[in-house]
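These values consider heavy atoms only, across backbone and side chains, with no hydrogens, waters or symmetry-generated copies. Residue numbers count from 1 along this sequence.
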Amino acid sequence: MLVTTTHLLFVFAGCILLVGGVWIASRRLALSALAPTKDEESSNKSRFLFRAGLLIDANPAALQICAETPAEVFDWSTMHAKMVTHFPDFPPSQGASQVRDVIVLHAEDPEDRSVLTIDQWDDVARITLEQDSAPDTARRTAIMQAMFQAPNPVWKSSANGHVVWRNSAYKKLVASLSHKAKQDPVFDVGALRPGDPSKRLQVKDAQGETTRWFDVTAVQTGAHVMYYASEADAVVSALDAQRSFVQIFSKTFAHLSTGLVIFDKDQLLILFNPALLELTGLSADFLSKRCDAKSFFDQLREMQVLPDVSSHRSWAKQVDDILLSALEGHYSETWTLPTGVTYRVTGRPHPDGALVFLFEDITAEITVTRRFRTELSQCHSVLDTIETALVLFSSTGQVQLCNDAYRKLWKTDPDSSFAQYALKDAILHWQGDCLPSEIWPNLQDRILSNAMREPWQTALSLTSGEGLRMSVTPITGGMTLVAFDPFSSVLAPQDLNSWIDQNT
């Protein structure tokens, strides 16, 4: 039999029709699982058909769920992530334990009557989600009402940036700015992406003037983006007031000779004045970078603007002690630097956990004090060479100084007394070592009174029989010098009594 080309073409076409018919039959068999019955058309059922973990078909209700899920590929893992929150036993991977496996899952929420059925055979899985429409509708309604009545602006934008939904607060904001809701943009969210931290944005009125500030957050919801705004006017005003205060504060302390540095609650430097640069030698560039408190003291150590530190403790521990003492409000130290300069450094806490350190150059004061102490010591040494017993009282009766002859005569040392030694203490001491006399009230008046400021002399008799000549001499500054000289030994007792009678 002769086989022609025509016969071969007919045979080849027949094979193609046979294979196509088999494929169409298998396709219809698979899709028949998605074909809704008459009683299902009005129900709320979503059907998904998976093969080897990939979604190959879905009915309209299921496609709506897919559209609301932000995922590039809707596969079994995406379905698992979507359903496991409501159905915890949803299997993480596709696969039947036998030839055909059917699993029926109920929603974990007792008020949710949704049912999910997983029917698997070979590498095919059919998922049917029958949702309880009544609770879901009520829940959606409650959520929408809450969003619409929220006190802060909330709106939804499409992929091209058009506002497709807005709540009542957003509409009121638009009206207050005299904008046209659909034409004029209110928030410039071009640089804000879903997942980014909230961004502070300003809104402008129809004339282009800034009137309000908001902190805006973007959240991806399917193909749309939800924006949530909260008012930030109070925060912006507070920050402006703070900046203004810092500027005024800086100008106020710019001309002080005392060095000033302030750290915030995080111990970051927020303010310093020019005097600090002069006293410490630190650079303005270093301080302007908002160094922390520990770096600040480290730099002082590098510049040798610190006294000799203890070798028994680590440097870090010493800095911690300084900061802790300042926070407690009692850090005040005198720093004698290797260069001979002396600083008084004071640390004090300020509101909101801030710290303030003051650096004052007291080199001149210390020099004067040391010189005064040296001169006072020399004065004491000179007084100690005088045989006459001397004691100096202030205008209030306090003992200022006495010499060695006084200490030996009265066997007392006012300088070593724990309590302050005053005129009344001295008179009681003198009375105890002298014979009775009526001169003591007069003596007290002459030392303490501003009216009786002339020299005066009198005589005393010690219990040992010795006679004393007491001289009271007023000096400048309201002070009074009292001197005690013994009588000459050639005087007889009766002559001493006569001298006392004549001079009292």
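For the pair Thr280/Met303, no side-chain contact is recorded, criterion being any heavy-atom separation below 4.5 Å from C-beta on. When side chains are defined from C-beta on, Gln318 does not count as touching Ile322, because their heavy atoms never get closer than 4.5 Å. Between Val341 and Leu279, the closest side-chain pair of non-hydrogen atoms is not below 4.5 Å. Taking 4.5 Å as the limit, every side-chain heavy atom of Val186 sits out of range of all side-chain heavy atoms of Trp155. Under the 4.5 Å side-chain criterion, counting only non-hydrogen atoms from C-beta, Glu333 is not in contact with Tyr343. Under the 4.5 Å side-chain criterion, counting only non-hydrogen atoms from C-beta, Leu277 is in contact with Leu287. Side-chain atoms of Val391 and Trp410, non-hydrogen and from C-beta on, never get closer than 4.5 Å to each other. Counting only heavy atoms from C-beta outward, the side chains of Val219 and Pro194 never approach each other to under 4.5 Å.
No more than 12 heavy atoms of other residues, nucleotides or ligands shown are found within 6.0 angstrom of NZ on Lys294. Around the NE2 atom of His86, the shell of radius 6.0 Å holds no more than 12 heavy atoms that belong to other residues, nucleotides or ligands. Within a 6.0 Å radius of CD in Glu387, other residues, nucleotides and ligands contribute 12 heavy atoms or fewer. No more than 12 heavy atoms of other residues, nucleotides or ligands lie within 6.0 Å of CD in Gln304, so this atom counts as exposed by the packing criterion.
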Worksheet item: Checking side chain to side chain contact (heavy atoms under 4.5 Å, CB included) for the pair Ile386/Leu390: CA distance, chi angles, key distance, verdict?
Response: CA-CA 9 Å; Ile386 300 176; Leu390 301 173; 4.2 Å; yes
Fill in: Evaluation steps, side chain to side chain contact (heavy atoms under 4.5 Å, CB included), between Thr342 and Thr334
CA-CA 7 Å; Thr342 303; Thr334 300; 3.3 Å; yes
Discussion item. Working note: Val319 + Arg301, criterion side chain to side chain contact (heavy atoms under 4.5 Å, CB included); need CA distance, chi angles, decisive distance, verdict.
Written reply: CA-CA 11 Å; Val319 173; Arg301 188 186 188 191; over 6 Å; no
Discussion item. One pair to check against side chain to side chain contact (heavy atoms under 4.5 Å, CB included): Trp315 and Asp298. What are the steps and the verdict?
Written reply: CA-CA 9 Å; Trp315 167 243; Asp298 287 342; 2.6 Å; yes
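For residues 253-280, every residue pair satisfying the salt bridge (Lys or Arg N to Asp or Glu O under 4.0 Å) rule, not counting sequence neighbours, is listed here: Asp264-Arg290. Sorted by first and then second residue, the pairs that involve residues 376-386 and meet side-chain hydrogen bond (donor to acceptor under 3.5 Å, both in side chains), not counting sequence neighbours, are Asp384-Arg407.
Side-chain atoms of Thr480 and Arg453 include a donor-acceptor pair closer than 3.5 Å.
Take Ser158 and apply the side-chain hydrogen bond (donor to acceptor under 3.5 Å, both in side chains) test, not counting sequence neighbours, and it matches Asn160. By the side-chain hydrogen bond (donor to acceptor under 3.5 Å, both in side chains) test, Trp430 pairs with Tyr406, sequence neighbours left out. By the side-chain hydrogen bond (donor to acceptor under 3.5 Å, both in side chains) test, Ser325 pairs with His330, sequence neighbours left out. With sequence neighbours excluded, the residues that form a salt bridge (charged side-chain N to carboxylate O under 4.0 Å, His left out) with Asp233 are Arg212. Applying the side-chain hydrogen bond (donor to acceptor under 3.5 Å, both in side chains) criterion to Ser77, with sequence neighbours excluded, gives Asp75. Under the side chain to side chain contact (heavy atoms under 4.5 Å, CB included) criterion, Ser230 pairs with Asn152, Asp215, not counting sequence neighbours. With sequence neighbours left out, Glu454 forms a salt bridge (charged side-chain N to carboxylate O under 4.0 Å, His left out) with Arg446. In this structure Lys424 satisfies the salt bridge (charged side-chain N to carboxylate O under 4.0 Å, His left out) test with no other residue, sequence neighbours excluded. Looking at residues two or more places apart in sequence or on another chain, you find a side chain to side chain contact (heavy atoms under 4.5 Å, CB included) between Lys408 and Asp404.
Annotation for Pro349 and Ala326: closest pair CD-O, 3.0 Å, computed over non-hydrogen atoms. Here the closest heavy-atom approach between residue Ala293 and residue Phe263 is recorded as CA-CE2, 3.5 Å. Nearest heavy atoms, Phe90 versus His80: O-CD2, 3.3 Å. In terms of heavy atoms, Phe272 sits closest to Ala284 at CZ-O, 4.3 Å. Taking each heavy atom of Thr346 and Ser332 in turn, the nearest pair found is OG1-OG, 3.9 Å. Summarising the geometry of Phe484 relative to Met470, their closest heavy-atom pair is CE2-SD, 3.5 Å, with the distance given to 0.1 Å.
Between the CD atom in Gln431 and the OG atom in Ser437 there is a gap of 8.5 Å [rounded to 0.5 Å]. Here the CG-CD distance, from Asp425 to Gln398, works out to 8.5 Å after rounding to the nearest 0.5 Å. Distance check, rounded to the nearest 0.5 Å: CG of Leu448 to CZ of Phe393 gives 9.5 Å. For the atom pair CG of Asp433 and CG of Leu428, the computed distance is 11.5 Å after rounding to the nearest 0.5 Å. Once rounded to the nearest 0.5 Å, the distance linking CG of Asp445 with CH2 of Trp440 reads 14.0 Å. Here the CG atom belonging to Leu173 is positioned 11.0 Å from the OG atom belonging to Ser168, to the nearest 0.5 angstrom.
For the pairing with Phe214, the ring-ring contact (aromatic ring centres under 6.0 Å, His included) check across Tyr170, Tyr227, Tyr228, Phe187 returns one residue only, Phe187.
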Kindly list each side-chain donor-acceptor pair under 3.5 angstrom involving residues 351-362, sequence neighbours excluded, with atom names and distances?
{"from": "Glu360", "atom 1": "OE1", "to": "Arg344", "atom 2": "NH1", "distance (Å)": "3.2"}
{"from": "Asp361", "atom 1": "OD1", "to": "Thr363", "atom 2": "N", "distance (Å)": "3.0"}
{"from": "Asp361", "atom 1": "OD1", "to": "Thr363", "atom 2": "OG1", "distance (Å)": "2.6"}

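Between Lys317 and Asp321, at least one side-chain nitrogen of the basic residue sits less than 4.0 Å from a carboxylate oxygen of the acidic one, meeting the salt-bridge criterion.
At distances below 3.5 Å, not a single donor-acceptor pair connects side-chain atoms of Arg200 with backbone N or O atoms of Val216.
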